[in-house]
Amino acid sequence: MKLPAAPTPNFEDSTIVVINDSSLSMRLPYVPAEPPAATSPTNPDPAATAAIYARIAEQRQPRPLIPLDRVLLHSPPVADGWNSFFGAIRSQTILDAATLELAISRVGALTDAGFEWRAHALLAAKAGVRREVLEWCLKKVPVEEVIEEVEGLGEREKAVIRYADAMTKGIKVPDDVFDGLKPFFGEREIVELTTAVAAYNCVSRFLVALDVGEMNGKEMEVPPEANPDRALS
């Protein structure tokens, strides 16, 4: 029996989609927005589960839980670790937001992870990545194949995209691609960029495998909120 489809995601602000009906589903049903109170084989410690829900909700404030949360919370300990790890990447790193979101957006484009692309392309635009760069990212072509100049796609951005491409498509990063980061980033920033690209490859594979937000197969576009007049630093 096919479960009813989840509503089309609303990407207002950087929120993906708020689901208030636990009967809506992708490949698995979304868990309820409130922690289960009863003890069960999958919820042996309701108090611990409630605490995990609270930590994730605190991270999302003022937004409610998003679909990704409500899939991960099938396994509260996994959701808790995920929340802590990605919270560190997003809020405790020194890598500038434009670089971080450009790299994540490129990963989303390369892996056809529409859910990831739409959220992070919007964040990239808000951080100053030009619309032209995001449109180019969706084409998935290597930097070396850029024929016409892309406004906002400078050497720094090209170095980031080459690195994200190598990590995502080839796994092994050639020395020249890695060395291309050094004029623009320090050691800590390179570690943070590497972690972000690796981590969001994990995210995209999770999202696509379970079709979180039911975005698989839908055309990926640059968010209409992306302002073509905003340039990267």
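- In this structure M220 satisfies the side-chain contact (heavy atoms from CB on, under 4.5 Å) test together with D112, W117, L138, sequence neighbours excluded.
- One N or O on the side chain of E192 and one on the backbone of L95 form a donor-acceptor pair closer than 3.5 Å.
- Listed by chain and residue number, R131 satisfy the salt bridge (Lys or Arg N to Asp or Glu O under 4.0 Å) test with E135 (two or more places apart in sequence, or in another chain).
- In this structure, V177 is not a member of the same hydrophobic cluster as L110, with clusters built from ILVMFWY side-chain heavy atoms closer than 4.5 Å.
- The CG atom of L134 sits 6.0 Å away from the OG atom of S105 when rounded to the nearest 0.5 Å.
- R60 pairs by the salt bridge (Lys or Arg N to Asp or Glu O under 4.0 Å) definition with D69, not counting sequence neighbours.
- Looking at every heavy atom in both residues, A103 comes nearest to A164 through O-CB, 4.3 Å.
- You'll find the side chain of I56 stays beyond 4.5 Å of the side chain of L72, heavy atoms only.
- If you take CG on L193 and CE on M167, they are separated by 7.5 Å, rounding to the nearest 0.5 Å.
- Among residues at least two apart or in separate chains, there is no ring pair (Phe, Tyr, Trp, His ring centres under 6.0 Å) pair with a member in residues 150-179.
- A 6.0 Å sphere centred on CG of D176 holds more than 12 heavy atoms belonging to other residues, nucleotides or ligands.
- Formation of a donor-acceptor pair under 3.5 Å by the E116 side chain with backbone atoms of S204 is found in this model.
- If you chain together hydrophobic residues whose side chains sit under 4.5 Å apart, L153 and V143 fall into the same group.
- Here T168 pairs with N201 under the side-chain hydrogen bond (donor to acceptor under 3.5 Å, both in side chains) rule; sequence neighbours left out.
- Between P32 and Y53, the shortest heavy-atom distance links the atoms O-OH, 3.1 Å.
- With rounding to the nearest 0.5 Å, the separation of CG in D96 from CZ in R156 is 4.5 Å.
- Scanning for side-chain hydrogen bond (donor to acceptor under 3.5 Å, both in side chains) contacts around E189 gives an empty result, with sequence neighbours left out.
- We find the CZ-CG distance between R27 and D211 to be 6.5 Å, quoted to the nearest 0.5 Å.
- Legend: residues meeting side-chain contact (heavy atoms from CB on, under 4.5 Å) with E155, ordered by chain and number and at least two apart, are K158, F184.
- A chain of hydrophobic side-chain contacts below 4.5 Å, direct or via other Ile, Leu, Val, Met, Phe, Trp or Tyr residues, connects Y30 to V203.
- Take Y200 and apply the ring-ring contact (aromatic ring centres under 6.0 Å, His included) test, not counting sequence neighbours, and it matches F86, H120.
- The heavy-atom pair separating E221 from R118 by the smallest distance is O-CD, 4.4 Å.
- To the nearest 0.5 Å, the span separating CG on L207 from CG on L68 amounts to 5.5 Å.
- No single ILVMFWY cluster, assembled from side-chain heavy atoms under 4.5 Å apart, contains both V78 and V208.
- By the side-chain contact (heavy atoms from CB on, under 4.5 Å) test, A196 is found to be paired with I89, L100, residues two or more places apart in sequence or in another chain being considered.
- For the atom pair T194 OG1 and L181 CG, the distance stands at 7.0 Å (nearest 0.5 Å).
- Sorted by first and then second residue, the salt bridge (charged side-chain N to carboxylate O under 4.0 Å, His left out) pairs involving residues 160-173 (not counting sequence neighbours) are R106-D165, E144-R162.
- Between P142 and W136, the closest heavy-atom pair is O-CZ2, 3.9 Å.
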Per-pair distances, 0.1 Å, donor-acceptor, side chain in residues 40-52, under 3.5 Å, sequence neighbours excluded:
{"unit_1": "S40", "atom_1": "OG", "unit_2": "T42", "atom_2": "N", "d": "3.4"}
{"unit_1": "S40", "atom_1": "OG", "unit_2": "T42", "atom_2": "OG1", "d": "3.3"}
{"unit_1": "S40", "atom_1": "OG", "unit_2": "N43", "atom_2": "N", "d": "3.1"}
{"unit_1": "N43", "atom_1": "OD1", "unit_2": "T49", "atom_2": "OG1", "d": "2.6"}
{"unit_1": "N43", "atom_1": "ND2", "unit_2": "P36", "atom_2": "O", "d": "3.4"}
{"unit_1": "N43", "atom_1": "ND2", "unit_2": "A38", "atom_2": "O", "d": "2.9"}
{"unit_1": "D45", "atom_1": "OD1", "unit_2": "A47", "atom_2": "N", "d": "3.4"}
{"unit_1": "D45", "atom_1": "OD1", "unit_2": "A48", "atom_2": "N", "d": "3.2"}
{"unit_1": "T49", "atom_1": "OG1", "unit_2": "D45", "atom_2": "O", "d": "3.4"}

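- Screening residues 73-89 for side-chain hydrogen bond (donor to acceptor under 3.5 Å, both in side chains) gives R55-D80 as the qualifying pairs, with residues at least two apart or on separate chains.
- Cluster annotation: V197 is not connected to V191 through the hydrophobic network of ILVMFWY side chains, with a link wherever side-chain heavy atoms come within less than 4.5 Å.
- Across all their heavy atoms, E132 and V150 have their closest contact at O-CG1, 3.6 Å.
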